[in-house]
Structures are given as structure tokens and as C-alpha cells.
Amino acid sequence: MYAGIDFGTSNCSIGKWENDAPLLVPLENGSTRLPSAIYTSRTHVAVGRIDEDELALRVSRATALNRQQSREAGSVRELTAAEIENIERGLMRRELEERAQRKSESETIRSALYADSEIFFGEAAIERHAEDPLSGYFMKSPKSFLGADLETPQLELFSEIVTRMLSHIKTTAEGEGEADDQITSIVLGRPVNFHGNKADGNAQALNLMERAAISAGFEQIEFLMEPVAASLDYERQLQQDTIVLVLDIGGGTTDCSMVEIGPTFRGRSDRLSSVLGYAGNRVGGIDLDIKLAFERLMPLFGRGTSQRSGLPLPNSLFWKPIAVNDVNLQAEFASRQEAASLHSFLRAAVDKQKFSRLITLQGERLSHRLSRSAEMAKIALTDQARVDVSLDYVEMDLGIDISRDQLRDAIEKELKLFISLMKEAEAQAGVRPDVVYVTGGSARSPVVESWIRTHYPGVDIVVGDAFGSVTSGLTTWAHQIFR
């Protein structure tokens, strides 16, 4: 069997070809969308057993020392053998407990994954992390790190995470079918440019995803640009040839393609020749969440307040906790050094109540939960003009209301970027689009749609299936090349 998989920054989905059309497969609680999140519990570190031979040796030494001290100082009582054994046994037990604690603290998510500890995916992973952020390891949006400048251990970690997630998607989609129902060939979506700052980040990300897919049990792997995949999904409903400008606002990247589609092109094995222009940037839906959190939520944690010296508190203090798509900043924010630095700034802060919330955020590992609050606010503003955001997991009764206009102001820079990418693809093509087709999670936002209509007057704006267009297109292409 073959399938199309959108391994997205925010969500993952998989499609099969049934009844001459792509069909998205439920992955979690009946939903075809699986949030791109993984949680693994800490492995249980058992306290070792007391070595009775070592205990006997220590008791012998302690007995001799006690006798010597008793003779030299009459005030020192000579203890019985049972008393000395109890003391030494207690000391050894505490030493074993401390050793187990140090081993637990030094454990990493990588070692926990390799130890086959309990693993959760999607909403289940998010819920586990929200319930107790300190009792396990949580990773959200691993795709956003694949193009980053990573050290070898980090590359191995992300390779293992992607393998586990793809394997979970594969086995869930296959269900309990026969051997003939196993999915062996897939088309994986890819952005024009992966998120990250590495010069050869695209090659690194593609190589990592391909190796992970093979490790997950797939035998044939092909890649297709996500905006091209979205255009293939839109093409199925067209009765005439059309030049479409596809804007795909993904979780970690935004891609544009100017593509010729329609009956003349349908069924061709080479669709890249119909791509007239494309552009992409490593900015996506997560970046919108981050900007909204920075502008609207972080003032509750002290952003914009000053130190006793009169100088403002550095903005970097408030950027680190919400930059959940930067693995290095997240590691830095979670470090003991950061905790010490924050307490130092607390002593200098004028508004200590607000700044102490930032310390709570750091100490209780609530970065991802705060980012989730911003994301949910952005989503709610699709249907509502104003939304109340509760942050009572940080402090009782803490919250703020956010309006759609405030969202637009917070992400204005990103909105301008979307238009610049569209204009770049249009300039490469040298033609005006007949239709602008918008897909991706943020495509549903009235703020985004209104911004596009302002810059493309007179052009039809079609908002596709925000979460299914790319997967359906990938499945369509899988049917074209693997059938």
C-alpha cells in the first residue's frame, strides 16, 4: 500500500487512496490530525540493594573507630554492634537514594526514549505534559528543529523522535489489517525551506526524515513540496486550466508556489514543470503564536517594566521562554544558570510580582503550556472578535483578553512577509494568478484573509481545507507514482 504523509510542524496526518479519491485516516480520538508532540515518562531508577559484604566491612571499621574514640575520650559511649550496624545501614541507604536521584536528574529524553519508557503522542502527550511538566520529557513541533545547526547528539535525538512518530502514524493507519495492508511506500511533504539557521539545513532535514522513515518501516520514500501538494488537491475540483498562487502557512514555514493546474495537467508524472515560481521562508504559525505571546502575554511576566536603576528589563529574558521553536534557547531557559540569573534580576526588578511569574514559568517548565495558550487564543480569534486567555496554571486568576485587532498588530511583520513571498513567486512566474489558494492552519484566520484581499483586489481568494489540503495532495501524488 501507499500513502501521503504530512509530517507537519503543528499537526501530522496521513491519507490513503480509496474509491478514486484521497481519504484522510483518523489518528487520535477520531480526528485525522495528530498534534506534532511526543511525551515520554522518566525511566524508573530503582534504589540499589545494600551490599551486605560492604556493610559488614563498614561496620567492622566503625566498631574499631568507636572503641578507639571511647578509650581516648571517656565521654564517648561505646556503641553496641547492633547500633553501629543500624547507623551504617542507614548511611548506605541514603547514599543509594542520592545516587539514584543523581542518575534520574542526569537522564535525558534521548536515554528515556531508548529505554522504551512509556511514550505518548499528540493530544495525549500534551495532556500528560500539562498535568505534570516535571515528571517526564516533552517535545513539540520536532520538524521545526530539523534544519537547525545541531550537534551529533541532537541530530540523533531528533532522528529517534521522528522515527517514533512516523512509526506511530504508520501502525495507527494500518490498524489490525493483514500483511497486504501494510503501508510500504509514502510521499512525504516538505517545505521550500525547512525552519532553521544551518546553511545546508534543507539537505540535513531531508536526509534525517528519509532515514527516520526507513527506520519506521517504509521502503519507498518520495518528497513533494507542500504548496505543490496543496495545488494538486485543489486541481481535482477544477474543470478548466488555472494559474493558481498557493500560499501554504504551515506551523514552522510559509511557502508559496505559482502553479499551472487543471485538466490538461492532471495525471502527468512530472508536475514540477508546471511550477512557474516558488518562494519560502522559515516563518509559520508557531512564529505567530510566539509573537502574540510576546506582545500580549509577556507583559504579565514583567516585559516592559524596569529595574531599580531605571533601565528596562532586557527583552531577551521574555523571548527565551516563548521561543519554543529554538532548541538552544529552550535548553538555555531550562538551565540552572538561567534560574540563578532570573533570581538576580528579581532583586533588581521594580515590579517583583510580575517578574516572579517568569521565575514560576521557568521553575515549573511551563513554556510549552504558555505557547499553547497563545496558539489557542489565535485559533479562537478565527470565530470570535475577542477572547479571554486564562493563565491560572501560573497564578490563580491570572489572565488577559485579546482582540482580533491586537492579534493583527502583533503579527503585522509576518503578514507583510506573507505578501512579499507571494509577490516573489508572482515575479518569478511573470504572470498574475487567476486564483489565490490559501491553506495551512493559519489560513482560516480572518486577519490573514483580509490582509491578502487588500493586496490582491479582484483576484478570487479560495481558502482550502486548512489541515487536509496538503495531505490530500500528497496522497494524490502517491497514487500517481506508486499505483
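Bear in mind the structure is a predicted one, so any value in this text is a computation, not a measurement.
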Problem set entry | Any donor-acceptor N or O pair under 3.5 Å, side chains Gln220, Ser185 |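 The answer is yes; a qualifying pair exists.
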Could you check whether any side-chain heavy atom of [X] comes within less than 4.5 Å of a side-chain heavy atom of [Y], counting everything from C-beta outward?
X: Phe418; Y: Asn281; result: no
X: Tyr278; Y: Pro227; result: no
X: Val228; Y: Trp477; result: no
X: Thr253; Y: Val192; result: no
X: Phe482; Y: Ile186; result: no
X: Arg128; Y: Phe138; result: no
X: Leu329; Y: Trp319; result: yes
X: Arg164; Y: Glu160; result: yes

Exercise. Which residue pairs pass the side chain to side chain donor-acceptor pair (under 3.5 Å) test when at least one of the two sits in residues 204-215, sequence neighbours left out?
Worked result: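 Those involving residues 204-215 are Asn207-Arg211.
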For this session: Answer yes or no on whether Arg303 is positioned over the face of Phe294, meaning its NZ or CZ is under 6.0 Å from the six-membered ring centre and within 45° of the axis.
Result: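 The answer is yes, since Arg303 meets both limits relative to Phe294.
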Exercise. Quick one: is the NZ or CZ of Lys423 closer than 6.0 Å to the six-membered ring centre of Tyr456, and within 45° of its axis?
Worked result: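 Ring-cation test returns yes.
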Exercise. Any salt bridge (Lys or Arg N to Asp or Glu O under 4.0 Å) pairs touching residues 229-243, not counting sequence neighbours?
Worked result: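 As it turns out, the salt bridge (Lys or Arg N to Asp or Glu O under 4.0 Å) pairs with a partner in residues 229-243, which skip direct neighbours, are Asp233-Arg236, Glu235-Arg271.
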Problem set entry | Inter- and intrachain pairs under salt bridge (Lys or Arg N to Asp or Glu O under 4.0 Å), touching residues 17-34, at least two apart |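 Listed once each, the pairs would be none.
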What's the spacing between [X] [atom1] and [Y] [atom2] if we round to 0.5 Å?
X: Met165; Y: Ser36; atom1: CE; atom2: OG; result: 5.0 Å
X: Leu398; Y: Leu300; atom1: CG; atom2: CG; result: 5.0 Å
X: Ser373; Y: Ile402; atom1: OG; atom2: CD1; result: 9.0 Å
X: Ile290; Y: Asn325; atom1: CD1; atom2: CG; result: 4.0 Å
X: Leu361; Y: Tyr393; atom1: CG; atom2: OH; result: 7.5 Å
X: Leu346; Y: Ile359; atom1: CG; atom2: CD1; result: 4.0 Å

Least distance between heavy atoms, [X] atom then [Y] atom:
X: Gly122; Y: Leu34; result: CA-CD1, 3.7 Å
X: Val324; Y: Ser371; result: CG2-OG, 3.6 Å
X: Ala377; Y: Leu292; result: CB-CD2, 4.3 Å
X: Pro35; Y: Ile126; result: CB-CD1, 3.9 Å
X: Pro433; Y: Val459; result: O-CG1, 3.9 Å
X: Ile183; Y: Ala173; result: CD1-CB, 4.0 Å

Exercise. Would Glu295 and Lys291 count as a salt bridge (charged side-chain N to carboxylate O under 4.0 Å, His left out) if you check the C-alpha gap in whole Å, the side-chain angles of each, and the deciding distance to 0.1 Å?
Worked result: CA-CA 6 Å; Glu295 295 294 338; Lys291 287 296 290 292; 5.5 Å; no
Problem set entry | Of all pairs that satisfy ring pair (Phe, Tyr, Trp, His ring centres under 6.0 Å), the ones with a partner from residues 8-29, not counting sequence neighbours |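 Those involving residues 8-29 are Trp17-His479.
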[X]: partners by salt bridge (Lys or Arg N to Asp or Glu O under 4.0 Å), with sequence neighbours left out:
X: Asp200; value: Lys198
X: Asp405; value: Arg408
X: Arg404; value: none
X: Asp351; value: none

Exercise. Under the ring pair (Phe, Tyr, Trp, His ring centres under 6.0 Å) test, which residues partner Tyr234, sequence neighbours left out?
Worked result: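 Tyr234 satisfies ring pair (Phe, Tyr, Trp, His ring centres under 6.0 Å) with Tyr437 only.
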Exercise. With Lys16, which residues qualify under side-chain hydrogen bond (donor to acceptor under 3.5 Å, both in side chains), at least two apart?
Worked result: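 Listed in chain order: nothing, the list is empty.
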Which donor-acceptor pairs under 3.5 Å do side chains of residues 5-14 form with protein atoms, sequence neighbours excluded?
{"residue": "Thr9", "atom": "OG1", "partner": "Gly252", "partner atom": "N", "Å": "3.2"}
{"residue": "Ser13", "atom": "OG", "partner": "Thr471", "partner atom": "OG1", "Å": "2.4"}

Backbone N/O of [Y] and side chain of [X]: donor-acceptor pair under 3.5 Å:
X: Ser344; Y: Ala340; answer: no
X: Thr171; Y: His168; answer: yes
X: Gln330; Y: Lys320; answer: yes
X: Ser472; Y: Ser469; answer: no
X: Glu260; Y: Ile243; answer: no
X: Thr242; Y: Gln240; answer: yes
X: Thr163; Y: Ser159; answer: yes
X: Thr254; Y: Ile249; answer: no

Exercise. Taking NZ, NE, NH1 and NH2 as the nitrogens, is one of them in Glu123 or Arg372 under 4.0 Å from a carboxylate oxygen of the other?
Worked result: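 A salt bridge links Glu123 with Arg372.
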Problem set entry | NZ/NE/NH1/NH2 to OD/OE distance under 4.0 Å, Glu375 and Lys140 |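 Salt bridge flag = yes for Lys140 with Glu375.
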For this session: Decide if atom CD of Gln239 counts as having more than 12 heavy atoms of other residues, nucleotides or ligands within a radius under 6.0 Å.
Result: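 No.
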For this session: Check the surroundings of atom CD in Glu222: do more than 12 heavy atoms from other residues, nucleotides or ligands lie under 6.0 Å from it?
Result: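 Incorrect, the count does not exceed 12.
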Using distance only, find each side-chain donor-acceptor pair of residues 378-386 under 3.5 Å and give its atom names and separation, not counting sequence neighbours.
{"residue": "Lys378", "atom": "NZ", "partner": "Gly285", "partner atom": "O", "Å": "3.4"}
{"residue": "Lys378", "atom": "NZ", "partner": "Asp289", "partner atom": "OD1", "Å": "3.0"}
{"residue": "Lys378", "atom": "NZ", "partner": "Ser442", "partner atom": "OG", "Å": "3.4"}
{"residue": "Thr382", "atom": "OG1", "partner": "Ile379", "partner atom": "O", "Å": "3.0"}
{"residue": "Arg386", "atom": "NH1", "partner": "Asp401", "partner atom": "OD2", "Å": "2.3"}

For this session: Please test Glu338 against Arg365 for salt bridge (charged side-chain N to carboxylate O under 4.0 Å, His left out), starting from the C-alpha separation and ending with a verdict.
Result: CA-CA 12 Å; Glu338 186 72 9; Arg365 304 292 189 268; over 6 Å; no
